[in-house]
Amino acid sequence: MAKEPVNAVKERADWTKRDWRRYEMKKNKVAYLFVAPYMILFTVFTVAPVVLSFLLSFTSFNMLEWPKMVWLDNYLRLFLADDIFLTSVKNTFLFAVITGPASYLLCLFFAWFINELTPKIRSFVTLIFYAPAIAGNVYLIWGILFSGDSYGYVNGWLLKMGLISEPILFFQNVNYIFPLIIMVALWTSLGTSFLTFIAGFQNVDRTYYEAGAVDGVKNRWQELWFVTLPLMKNQMLLSAVLAITGAFGFGAIIDAMVGFPSPDYCVHTMVHHLNDYGNLRMELGYASAIATLLFLMMIGSNFLVRNLLKRVGK
Amino acid sequence: MKKFKIKKMRALNRSYGGDVGINVFLLIVGAFMALPFVYAICSALKPLDELWYFPPRFFVENPTLKNFTELFRLMSTSWVPFSRYIFNTVFISVVGTGGHVLVASLAAYALSKMKFPGRNFMFKAVEYSLMYNAVAAGIAIFIILSALGWIDTYLAIIIPTLAGSLGLFLMKQFMDSNVPDQILEAAHIDGAGEFRIWWQIAMPLVKPAWLTLIILMFQSLWQTGASIYIQSEELKTFSYAISQVLAGGIVRTGAASASTVIMMSVPILVFVLSQSNVIETMATSGMKD
């Protein structure tokens, strides 16, 4: 005798997808309660700013009057009439292209090197490398070390060694500012990505290395490329995302070290331009256009790098 | 019988040359990384005359704590009582960090362990938001905050940080692999409510993750300096106040170094205490393609 389906199933036999969905939602009411506080905040302070920037970028807005629609005027002005903006785009790209990959590789390789150490030394060395990222404005010390008068240590050493005859004004000379800022930025850049890598390396099971050796891996480089990295793909992707986001958002260090505006706008980034128009000149529509472009650049390069990372270990 | 000479086991695929090279390299770069810290500590301990040696000397010869007392003297002469700045920083750091950990882990628990319509979409949204930097959102957040009337209140600093996406992301990934579904099921059968399961079962299991969230959040809030969201002097932070002391010019070099040492030692200490937990959390942090 064929079993009769229980009533509950019979009743639901003609449910559509939507009915099921509603049923699932009702059953999981408490889940929505759990995510609500975070999701509301996330929507208001993380998602809404992007949407708001995008919408305001088509307007002229000064906080006092209602925004006035100007369509593409802001963008046209940015690209056709604002030379400083173009400089800032160039600088932002330059910074991102140099510090993004460089900091990523530094995080990866130092995590790899540190992983070879014994556990006690490893935690100490990890601390030394990670400390610059969390120590607040200690990077200002580089300003003292490279200070322009003869009290600056670097100048002092160079003078003593007879390499220069008078002190170099490191932070006023356009030729030196850029490399110095890159150096300081990289010094502070071994942050969350670095820890992610450290954890990734520690997590690889030894047996994979042994299997790799049996299969003909001959040295540590081959081991890294063919065994370790493919196992760490997820960590690599997260670190890449963090590195890119960091590389584009860079500006506070420059303000603190060089001042604003920088000589000849030589290290003026889009973040500076954005804050200049947003905070100082209160041209919020214009600033929003800059923010929108910055968002697009960050997200665009993230997708680009995602695709590149798919090729690791092949 | 001939004795076999047993070579000491080397780690797989490692050459002596490579090991030495890597260690030397780490030593050099490590020294470079540590340089500003050593300098800050040395100058904080230097007596006044040593600060003005010419040519300057890097290391301290007669260490003294005078700079720290001088810093406190300078602080007590500030316009707003200095304790207020310290209170502000501690208040913002503690409330912001605690709030973030609670809000994020509550949501992470639901996203990780409950199957409800919309959860994939929500998590994807959080994951994608990692791709842009809050710096770009600053102006828009300012507009939103002023629409809410929160400009120049603690809320302006604390509430937006609660919405950070990295914390939720790390927490969710960690819960995925460290909270076994069986335990939760057993708790369900025993009649525990979801809230109780989250607090009494899931949260103790993910201690490394919330310690990680604490350090990431705390260090960024601890550094909160001058902000466009805050105008009143009474609401400004320790970091801001210190930058004002430093702005007092060159005579205050000693006090400035002392304040740098105080500022940096707190986050570093927090990290030292939680390092192993942080690493454990990061191990599950990967982003799937």
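Naming convention: chains lettered A, B, ... in sequence-line order (proteins, then strands); numbering from 1 in each chain.
The shortest heavy-atom contact between A:Gln235 and B:Thr284 is NE2-N, 4.5 Å. Nearest heavy atoms, A:Thr46 versus B:Ala163: OG1-O, 3.5 Å. Nearest heavy-atom pair, B:Val126 versus A:Phe42, reported as atom, atom and distance to 0.1 Å: CA-CZ, 3.7 Å. Considering every non-hydrogen atom in both B:Phe116 and A:Ala31, the closest pair reads CD2-CB, 3.4 Å. Closest heavy-atom contact between B:Met264 and A:Ala135: CB-O, 3.8 Å.
When heavy atoms are compared at a cutoff of 4.5 Å, A:Tyr277 does not approach chain B at all. Within the 4.5 angstrom heavy-atom criterion, only side-chain atoms of A:Leu52, from C-beta onward, approach chain B. With a 4.5 Å cut-off on non-hydrogen atoms, A:Phe61 touches chain B through its side chain but not through its backbone. The parts of A:Glu24 that come within reach of chain B are both its backbone and its side chain, each placing non-hydrogen atoms under 4.5 angstrom from that chain. Proximity to chain A involves both the backbone and the side chain of B:Ala125, based on heavy atoms less than 4.5 angstrom apart. Residue contact with chain B, scored on non-hydrogen atoms closer than 4.5 Å, involves the backbone and the side chain of A:Val217 alike. Residue A:Val51: no heavy atom, backbone or side chain, is found under 4.5 Å from chain B. Interface residue A:Ile134: backbone and side-chain heavy atoms are both found under 4.5 Å from chain B. Heavy atoms closer than 4.5 Å to chain B are found in the side chain of A:Met39, but not in its backbone. With a threshold of 4.5 angstrom between heavy atoms, A:Leu56 approaches chain B through side-chain atoms but not through N, CA, C or O. Of the two parts of A:Trp187, the backbone and the side chain both hold a non-hydrogen atom closer than 4.5 Å to a non-hydrogen atom of chain B. For A:Phe201, no part lies near chain B; criterion is any non-hydrogen pair under 4.5 Å. Looking at A:Tyr32, the atoms closer than 4.5 Å to chain B (heavy atoms on both sides) all sit in the side chain, from C-beta outward. With a 4.5 Å cut-off on non-hydrogen atoms, A:Ile141 touches chain B through its side chain but not through its backbone. Residue A:Phe248: no heavy atom, backbone or side chain, is found under 4.5 Å from chain B.
At a threshold of 4.5 Å between non-hydrogen side-chain atoms, the residues B:Gln173 and A:Leu238 do not count as touching. At a threshold of 4.5 Å between non-hydrogen side-chain atoms, the residues A:Ser53 and B:Ile139 do not count as touching. Contact check for B:Asn133 versus A:Met298: side-chain heavy atoms found under the 4.5 Å cut-off. You'll find the side chain of A:Asn302 stays beyond 4.5 Å of the side chain of B:Tyr132, heavy atoms only. Within the 4.5 Å cutoff, no side-chain heavy atoms of B:Met114 are placed close to those of A:Val35. No side-chain heavy atom of B:Met263 sits under 4.5 Å from any side-chain heavy atom of A:Val138. A:Leu284 is not listed as a side-chain neighbour of B:Phe142, based on a closest heavy-atom distance of 4.5 Å or more. Residues B:Pro36 and A:Trp142 meet the side-chain proximity criterion, which asks for heavy atoms closer than 4.5 Å.
Remark: A:Phe110 CZ to B:Leu26 CG distance equals 6.5 Å, nearest 0.5 Å. Taking CD1 of B:Ile279 as the reference point, atom CZ of A:Phe197 lies at 13.0 Å (rounded to 0.5 Å). A distance of 10.0 Å separates CG of B:Leu130 from CG of A:Leu237, quoted to the nearest 0.5 Å.
When B:Gln275, B:Met131, B:Met282, B:Gln223 are compared by the number of non-hydrogen pairs under 4.5 Å with chain A, B:Met131 comes out ahead. Put simply, of B:Leu162, B:Leu111, B:Leu168, B:Ile141, the one with the most heavy-atom pairs under 4.5 Å next to chain A is B:Leu168. Contact tally against chain B (heavy-atom pairs below 4.5 Å) for A:Ala213, A:Ala36, A:Gly278, A:Pro132: the top residue is A:Pro132.
Checked by atom type and distance alone, the side chain of A:Asn28 pairs as donor or acceptor with a backbone atom of B:Lys115 at under 3.5 Å.
Remark: B:Glu194 does not engage A:Lys29 in a salt bridge, criterion side-chain N to carboxylate O under 4.0 Å.
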| task | Go through B:Thr212 and A:Leu195 one step at a time and tell me if the side chain to side chain contact (heavy atoms under 4.5 Å, CB included) criterion holds. | result | CA-CA 11 Å; B:Thr212 307; A:Leu195 295 183; over 6 Å; no
| query | Do B:Phe271 and A:Leu127 pass the side chain to side chain contact (heavy atoms under 4.5 Å, CB included) test, and can you show the C-alpha distance, the side-chain angles, and the key distance before you say yes or no? | reply | CA-CA 8 Å; B:Phe271 179 68; A:Leu127 174 67; 3.5 Å; yes
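Taking the six-membered ring wherever Trp is involved, the centroid distance between the rings of B:Trp199 and A:Phe34 does not fall below 6.0 Å. Aromatic ring centres of B:Phe25 and A:Trp112: separated by at least 6.0 Å.
A side chain to side chain contact (heavy atoms under 4.5 Å, CB included) with B:Val135 is found for exactly one of A:Val271, A:Thr245, A:Thr269, namely A:Val271.
Atom CZ of B:Phe32 sits in a crowded spot, with more than 12 heavy atoms from other residues, nucleotides or ligands closer than 6.0 Å.
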